[in-house]
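Report on one structure; see the data block that follows.
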Amino acid sequence: MKQRVQTLLQGILGREVVLEKPRDRSFGHFATPIAFSLAKELRKSPMLIADELASSFDGHEEFSVVEAVKGYLNFRLSENFLNEYGTWALDNPALFATQENNTKILLEYVSANPTGPLHIGHSRGAVYGNTLYRLAQHLGYDITAEYYVNDAGNQIDLLGLSIQLYAQENILGEEVEYPESYYRGDYLDSLAKGAIENFGKEILNDESRQKELALWAKDGVMELIKKDLADANIVFDTFVYESSLYSEWDRVMDKMHANDAKAIYEKDGKIWLASEAKGDDNDRVVVREDKRPTYLAGDIVYHNQKFERGYDHYINIWGADHHGYIPRVEAAVEYLGYDAKKLETLLAQMVSLLKDGEPYKMSKRAGNVILMSDIVDEIGADALRFIFASKKSDTPLEFDIEQLKKQDSSNPIFYIQYAHARIQTIISKSSLSKEEIMSASLKGFDEDADNLMFDALLLPEVVEDAFNSRQVQKLPDYLQSLAASLHKFYYDVRIIGRDDEAKLLKLLLVVALSLKTGLGLLGIQAKDFMTRKED
RNA sequence: GCGCUCUUAGCUCAGCUGGAUAGAGCAAUGCCCUUCUAAGGCAUCGGUCACACGUUCGAAUCGUGUAGGGCGUACCA
């Protein structure tokens, strides 16, 4: 809608135009401060310029009003325009707010180590990534959601050890001395029991079999993680296992070397990536003295594989604690001969927790980890998703655990759900048939109704903007304000029994479509009915 | 020390590429259920947009500096 207006304006004015939404709706649907920037070059007052511009819009039927106010040029869209658009949306609900696009995107997110179930800190990146994914799909992008499984390295060995320790203490009843680091949690119980079934009890005391145990257990952990994700409506298209990549390491090193002889070099018995020349703080070790590749080596092979698979754009969503890692991966991508600009790394900032006003440190060792599944059980996946989707992902976030757990009706998600449910209730109580409602026209509304429809039809811009700016919180913000408009309208106007019942109901259907589409993009199902809250 | 990032109402956060009087939710106070679900509506209270300087017709927004917080600064992932 905005786009159409914008291209229209550019056609008429013959230049780029900044279009904004006036704070006060009485100024119109859209406004532009164009006259201010023209004032300087034309050496005329903005008021005068705006007046002249306004008159050049005579006879354009998309607008009902174009007027100059204090130098601003304000536009109001015409009834015909809004009626046509709203009716089209109701006739083509699946197309509403969609676009055509054939850009291929690979989105990697979550990628938590397979050493335990997801905790609350993972939720943020998970919800953020999945929301971006849904937005992109809706906008027509060919997007693939991928999970990189770090099933190699120390943390996997640690998983094996942790299962052994748990079993020794809790199943075999032995005295256990705990080392510096190990994992802890209820999930180890079923893994330990499963291990006994699979391998026999001997494996629990055999230090040399830790790796074997861990490699078996990681699949079980991945199942837990997948279940946590699925319970929050988060699904992946592909999983890539770090362990499967190292066989390609030599080929990838050769590739970098062929592109740039200085990319990789040996020093002190180790192999280094010359990332400093590409803007990193230091060069980085990729193969240690004992020939074991570092984590970076795995990531280089992984990114090479990503680029070989041939996407137009790559998005990684990482925890903010990995931000120092970006330059070295970009350096590697360039040495591999690819355009590092195609790789976009977004950081999901940390979630810090409070308990009774005091900082609460989750520690796997202390066993006080707040699991994502705890929160989903407590408040539901919808509420969890809404909380994280409505916060800007790149600012740190503080949560009081108790408040998080008891978030019920104070969560704005219920406010939005209720708006949708209210519409459904009215529709079902009306004696009018769907056909009668749909044949009405969305014209002749008073100002309040007109504004409500305009608000509902803004969804496409919000969706596009939320994705392009990677600021998914714009969508929940919008839905909340649309729900507020609806609630107010509901209170002010008793619809059933009015002369213009049919077209008001049709208007509400447009609002419902917008709410439902928007919620769907957040991975939340719109509700047609809500049970009354008990006091 | 260096790099990145953040600082807006009592709390949690919005505020789009500079634009019209600084916004929401929660909290606090008051009002509205014989009306399509009160999980709702209305009203009040609450801000030197961390601070300073600069750019501009115009700054919460851009630039520089200062203060404070977070993260990073691994041959850990």
Distance, rounded to the nearest Å, where R284(A) contributes CZ and A74(B) contributes C1': 8 Å

A483(A) vs I426(A), nearer the 5' end of RNA chain B by closest nucleotide: I426(A)

Atom pair distance, as rounded to whole Å: CD1 in I416(A) and P in G25(B): 12 Å

Whole-Å P distance, A14(B) and G1(B): 29 Å

Opposite nucleotide pairing with U64(B), Watson-Crick or G-U, both atom distances under 3.5 Å: A52(B)

Flag for E248(A)-Q305(A): side-chain donor and acceptor within less than 3.5 Å: no

Donor-acceptor contact present, side-chain Y478(A) to main-chain E461(A), <3.5 Å: no

Verdict with supporting geometry, R470(A) and E344(A), salt bridge (Lys or Arg N to Asp or Glu O under 4.0 Å): CA-CA 11 Å; R470(A) 315 290 193 238; E344(A) 176 186 1; 2.8 Å; yes

Closest listed nucleotide, where the reference is the side chain of H487(A) and the choices are C13(B), C42(B), G40(B): G40(B)

Between C1' of C6(B) and CD of Q471(A), the distance in whole Å: 14 Å

Sugar-phosphate, base or nothing in reach of S469(A), heavy atoms under 4.0 Å: nothing

Sugar-phosphate, base or nothing in reach of Y295(A), heavy atoms under 4.0 Å: base

Under-4.0 Å side-chain N/O to phosphate OP1/OP2 contact, Q480(A) with A14(B): no

Value in whole Å for how far the C1' atom of C4(B) lies from CH2 of W318(A): 14 Å

Sugar-phosphate only, base, or nothing, as touched by N74(A) at under 4.0 Å among non-hydrogen atoms: base

Nearest-angstrom distance from the residue atom CD of Q155(A) to P of A77(B): 7 Å

Short side-chain donor-acceptor distance under 3.5 Å, H303(A) and N316(A): yes

Carboxylate-amine/guanidinium contact K306(A) E108(A), below 4.0 Å: yes

Sugar-phosphate only, base, or nothing, as touched by H323(A) at under 4.0 Å among non-hydrogen atoms: base

Between A74(B) (P) and R292(A) (CZ): distance, integer Å: 18 Å

Euclidean distance, atom CG of residue L508(A) to atom P of C36(B) [Å, nearest integer]: 15 Å

OP1 or OP2 of C36(B) under 4.0 Å from side-chain N/O of Q424(A): no

5′-ward residue of the pair E289(A)/I495(A) relative to RNA chain B: I495(A)

Sugar-phosphate only, base, or nothing, as touched by V462(A) at under 4.0 Å among non-hydrogen atoms: nothing

Sugar-phosphate, base or nothing in reach of D281(A), heavy atoms under 4.0 Å: nothing

Touch class at under 4.0 angstrom, heavy-atom based, for A31(A) against every strand present: base

Closest to side chain of D477(A), choosing from A14(B), C42(B), U12(B): A14(B)

Presence of K392(A) side-chain N/O under 4.0 Å of G15(B) phosphate oxygens OP1/OP2: yes

Aromatic-base stack, F414(A) on A39(B), cutoff 5.5 Å, angle under 30: yes

Y418(A) side chain near A38(B) phosphate (N/O to OP1/OP2, under 4.0 Å): yes

Residue-phosphate contact under 4.0 Å: R422(A) side-chain N/O, A38(B) OP1/OP2: yes

Touch class at under 4.0 angstrom, heavy-atom based, for A484(A) against every strand present: nothing

Base-pairing assignment for C42(B) (Watson-Crick or G-U wobble, both under 3.5 Å): G30(B)

Minimum-distance nucleotide (side-chain atoms of D321(A) versus A77(B), U37(B), C71(B)): C71(B)

Parallel, tilted or perpendicular, as decided by the 30° and 60° cut-offs, for the rings of Y295(A) and Y148(A): tilted

Side-chain N,O (K429(A)) to OP1/OP2 (U37(B)) below 4.0 Å: yes

G41(B) OP1/OP2 closer than 4.0 Å to side-chain N/O of Y415(A): yes

C33(B): syn or anti, per glycosidic angle within 90° of 0: syn

Base paired to G1(B) (Watson-Crick or G-U; both N/O distances under 3.5 angstrom): U73(B)

Under the salt bridge (Lys or Arg N to Asp or Glu O under 4.0 Å) test, residues paired with K392(A) that sit two or more places apart: none

